[in-house]
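To start, the structure under review is shown below, and the notes come after it.
Position 1 is the first residue of the sequence, and the numbers go up from there.
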Amino acid sequence: MDGMITLVTKTSPNNKADTITTRPAKLEDAEGLARLYFASYDYTGITSQAEALAAIQEVLDGKFGEFLPEASPVIVDENDRIVAAALVLNNRADDVEPADLPSIYELFTAASRRREGLAEHLIRTSLHALNEAGHKQATVRISENNAAALALYLTLDFNRWFPANDDDIF
């Protein structure tokens, strides 16, 4: 498996016009999130819908850090199916991230809805909610080989975080 990198950014209000409607993720969304998660990724090691549901349920239950529903937007289609989601944790339960910073733990979009700006909108919505809640910074951890994700986050003013710089992130 390739290496992972951590990116960090300042939170900020979302000053862009909202043309996409989101709502906070709910615990009751577990099955819809799992369907989307399973269909969206080829490289998670998840081999069944049941495994995807178990993985999503662990995120929602706080196994990897406190789940923040208000900072975890989802986008639904006209049939109320989740087509894109960002799942945000208050702080990850591992020692990789900078201490005490919220993290975009998962971000996924239906393959049929990619290149519509949904992921960017979800990130901006999450950062706005985190800013409103008093958080000054947020992180995300991605594969160093995921050029599309890296380009998206760099466009949104995320910067690479190095543990040696933890005292002076910005």
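Nearest heavy atom pair, residue Glu70 against residue Pro24, reads OE1-CG, 3.6 Å. The two residues Ile20 and Glu116 have their closest heavy-atom pair at CD1-O, 4.4 Å. Of all heavy-atom pairs between Ala84 and Leu36, the closest is N-CD2, 3.5 Å. Here the shortest heavy-atom pairing between Ala71 and Ala129 reads CA-CB, 3.7 Å. Residues Phe38 and Ser48 approach most closely at CE1-N, 3.4 Å, considering heavy atoms. Nearest approach of Pro13 to His128, heavy atoms of both residues: CA-ND1, 3.2 Å.
Under the 4.5 Å side-chain criterion, counting only non-hydrogen atoms from C-beta, Leu33 is in contact with Phe108. Counting heavy atoms from C-beta on, the side chains of Arg113 and Asp77 come closer than 4.5 Å. Side-chain atoms of Leu89 and Val59, non-hydrogen and from C-beta on, do get closer than 4.5 Å to each other. Between Tyr153 and Leu107 there is a side-chain heavy-atom pair separated by less than 4.5 Å. A heavy-atom distance below 4.5 Å is not found between the side chains of Leu101 and His135. Contact annotation: the side chain of Asn131 never approaches that of Lys10 to less than 4.5 Å [non-hydrogen atoms, C-beta and beyond]. Residues Arg92 and Arg141 have side chains in contact (heavy-atom distance under 4.5 Å, counting atoms from C-beta outward). Contact annotation: the side chain of Val76 approaches that of Arg23 to within less than 4.5 Å [non-hydrogen atoms, C-beta and beyond].
Between Phe64 and Tyr105, the two ring planes are parallel [angle under 30°; tilted spans 30° to 60°].
Within a 6.0 Å radius of CD in Gln49, other residues, nucleotides and ligands contribute more than 12 heavy atoms.
Applying the side-chain contact (heavy atoms from CB on, under 4.5 Å) test between Thr9 and each of Asn159, Leu130, Leu127, Val140 identifies Leu127 as the sole match.
A distance of 6.5 Å separates OG1 in Thr11 from NZ in Lys136, rounded to the nearest 0.5 Å. For the atom pair CD1 (Ile75) and CG (Leu118), the distance works out to 4.5 Å, reported to the nearest 0.5 Å. Separation of atoms CD1 (Ile123) and CG (Asn14) is listed at 11.5 Å; rounding is to 0.5 Å. Taking CG of Asn146 as the start and CD1 of Ile5 as the end, the distance is 9.0 Å to the nearest 0.5 Å. Between atom CG of residue Leu156 and atom CZ of residue Arg124 there is a gap of 5.0 Å, rounded to the nearest 0.5 Å. Atoms CG and CD1, on Asp61 and Ile56 in that order, are 11.0 Å from each other to the nearest 0.5 Å.
The hydrophobic clustering, which links ILVMFWY residues whose side-chain heavy atoms are closer than 4.5 Å, places Leu53 and Ile82 apart. Tracing side-chain contacts under 4.5 Å through hydrophobic residues (I, L, V, M, F, W, Y), one reaches Ile142 starting from Ile104; they form part of the same cluster.
The main-chain N or O of Val88 is found under 3.5 Å from a side-chain atom of Ser72 such that the two form a donor-acceptor pair. In this structure, the side chain of Glu106 does not engage the main chain of Leu87 through any donor-acceptor pair within 3.5 Å.
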Derivation and outcome, side chain to side chain contact (heavy atoms under 4.5 Å, CB included), residues Thr139 and Trp161: CA-CA 9 Å; Thr139 66; Trp161 173 76; over 6 Å; no
